[in-house]
Engineer: 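Got a structure here, written out as structure tokens. Questions coming.
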Number of protein chains: 2
Amino acid sequence: MSVSNRVTELRRRFDAEIFPAQCPSRMVLDHVTSKWGVLVLAALAEEPRRWGELRRIAEGISEKMLAQTLKTLERDGLVHREAHPVIPPRVDYSLTSRGEELAALLVPLLAWVIDHADEIVTTEQG
Amino acid sequence: MSVSNRVTELRRRFDAEIFPAQCPSRMVLDHVTSKWGVLVLAALAEEPRRWGELRRIAEGISEKMLAQTLKTLERDGLVHREAHPVIPPRVDYSLTSRGEELAALLVPLLAWVIDHADEIVTTEQG
DNA sequence: CCGGTTACTTACCGACATGCTAGTACCTTA
DNA sequence: TAAGGTACTAGCATGTCGGTAAGTAACCGG
């Protein structure tokens, strides 16, 4: 489906008030676009990661926030948690198939932001 | 470029720590994925809108937040503001070409969220 | 001269998101 | 016995985000 078709489709949805205030889509959207949710999903888009890896990749995240974010994404069925009963503990996080669908849309967005961030910040000052 | 290539590309960026804590990309990402920023960008993706229209479409947004969101997006060079010197005042908001690039990536994401929101919320309870 | 319209701005305030610091549990290695 | 690695959880402090409500400006129509 072409982009313009997508936009047209979205228009029908907006006109039909498909994005009302208390709608489930708002909730899911908040999870997906949350400050850390985006980074975690992107980090998992490439391959399964362990707790410590995620901490390092999503630089600046606290342990509390990482735990909370992962829990939310798991509840949403986007992330799969697999704990291995070994010592020291080992837990692998990966995307579910639903999560991969989402990541496929998210990654190009992130790439665009990365590519244009400097340009945009420069705009601010000019 | 294929999705898997995109992911691979992103991987190089992550490994190279292209998403560090104080990075401009984090800032831009926060604007773009902010609670109301997403909705405003999506609303403008289809056609230019007036202040009042945006208020109605992004249901639940306060005037303060709408003003703040629009100002941020304008500063980022994603939204263009055009005030007509008439009474009563008329102001049109539209996407810049940069904004349209972004919206082209954002709209499919929103569409996906809308399509899967119910399914995801159902997952929570099961 | 008073209400209505449109697009804001400002001040105030509370709640929630987030950060920081500790603490837990278990085993390994020294 | 003590330190260290891994994956958390809990409690308290804080700060920013976002909401509410009111005010501003400019003109028109009645």
Engineer: Tell me: CD of A/Glu63 to C1' of D/dT6, nearest whole Å?
Structural biologist: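 It works out to 10 Å between those atoms.
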Engineer: Under 4.0 Å between a side-chain nitrogen and a carboxylate oxygen: does that hold for B/Arg98 and B/Glu100?
Structural biologist: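 No, B/Arg98 and B/Glu100 are not salt-bridged.
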Engineer: Consider the side chain of A/Ser62, meaning its heavy atoms from C-beta on, and name the nucleotide among C/dC8, C/dG19, C/dT6 that approaches it most closely.
Structural biologist: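 It is C/dG19.
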Engineer: OP1 or OP2 of D/dT9 sitting under 4.0 Å from any side-chain N/O of A/Trp51?
Structural biologist: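 False: A/Trp51 side-chain N/O out of range (4.0 Å or more) of D/dT9 OP1/OP2.
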Engineer: Measure the distance from CG on B/Leu54 to C1' on C/dA7 and round it to the nearest whole Å.
Structural biologist: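 Rounded to whole Å, this separation is 12 Å.
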Engineer: Stepwise, does the side-chain contact (heavy atoms from CB on, under 4.5 Å) test hold for A/Leu70 with A/Trp51?
Structural biologist: CA-CA 10 Å; A/Leu70 285 170; A/Trp51 172 271; 4.2 Å; yes
Engineer: Checking contacts here: which listed nucleotide (C/dT6, D/dA7, D/dG18) is nearest the side-chain heavy atoms of A/Pro89?
Structural biologist: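 So the nucleotide nearest the side chain must be D/dA7.
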Engineer: Could you give the CE-to-P distance, from A/Met65 to C/dT21, as a whole number of Å?
Structural biologist: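 Roughly 16 Å, once rounded to whole Å.
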Engineer: Distance check: side-chain N/O of B/Arg50 vs OP1/OP2 of C/dA7, anything under 4.0 Å?
Structural biologist: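 Yes, such a contact exists.
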Engineer: Across the strands shown, which category fits A/Lys35 at heavy-atom distances under 4.0 angstrom: base, sugar-phosphate, nothing?
Structural biologist: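 Answer is sugar-phosphate: A/Lys35 comes under 4.0 Å of backbone atoms only.
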Engineer: Could you pick out which residue, B/Ile87 or B/Tyr93, lies toward the 5' side of DNA chain C when each is mapped onto its nearest nucleotide?
Structural biologist: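 The answer here is B/Ile87.
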Engineer: Base, sugar-phosphate alone, or nothing: which one does B/Arg55 contact when heavy atoms must sit under 4.0 Å apart?
Structural biologist: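 The residue B/Arg55 makes no contact with any strand.
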Engineer: Whole Å only: how far is the CD atom of A/Glu53 from the P atom of D/dA7?
Structural biologist: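 Taking atom P of D/dA7 as the reference, CD of A/Glu53 is at 9 Å.
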Engineer: Could you pull out the closest heavy-atom pair between A/Val107 and A/Ala45, with the gap in Å?
Structural biologist: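 Closest approach of A/Val107 to A/Ala45, heavy atoms only: CG2-CB, 3.9 Å.
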Engineer: Return whichever of A/Lys64 or A/Arg90 has its heavy-atom-nearest nucleotide of DNA chain D closer to the 5' end.
Structural biologist: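 Nearer the 5' end of the strand: A/Arg90.
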Engineer: Round to the nearest Å and state the distance from A/Leu66 atom CG to C/dT18 atom P.
Structural biologist: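 Checked: the CG to P distance equals 13 Å.
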Engineer: Is there a side-chain contact between B/Lys71 and the phosphate of C/dC8, meaning an N or O under 4.0 Å from OP1 or OP2?
Structural biologist: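 Answer no for this pair, as no side-chain N or O of B/Lys71 is under 4.0 Å from OP1 or OP2.
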Engineer: A/His84 NE2 to D/dC8 C1': how many Å, rounded?
Structural biologist: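 My rounded result for the distance is 16 Å.
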Engineer: Please answer whether the main-chain N or O of B/Arg90 pairs with a side-chain N or O of B/Arg50 as donor and acceptor at a distance below 3.5 Å.
Structural biologist: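 It does not hold such a pair.
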Engineer: For the pair made of CD in A/Glu59 and C1' in C/dT18, what is the distance, rounded to whole Å?
Structural biologist: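 It is 17 Å, rounded to the nearest whole Å.
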Engineer: Could you state the CG-C1' distance from A/Asp30 to C/dA15, rounded to the nearest angstrom?
Structural biologist: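 One finds 15 Å between C1' of C/dA15 and CG of A/Asp30, rounded.
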Engineer: Picking from C/dC8, D/dT20, D/dT6, which would you name as closest to the side chain of B/Val91?
Structural biologist: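 Selected nucleotide (nearest to the side chain): C/dC8.
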Engineer: For the pair A/Arg55 and A/Glu53, find out whether any cationic side-chain nitrogen is under 4.0 Å from an anionic carboxylate oxygen.
Structural biologist: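 A salt bridge is absent here (no side-chain N lies under 4.0 Å from a carboxylate O).
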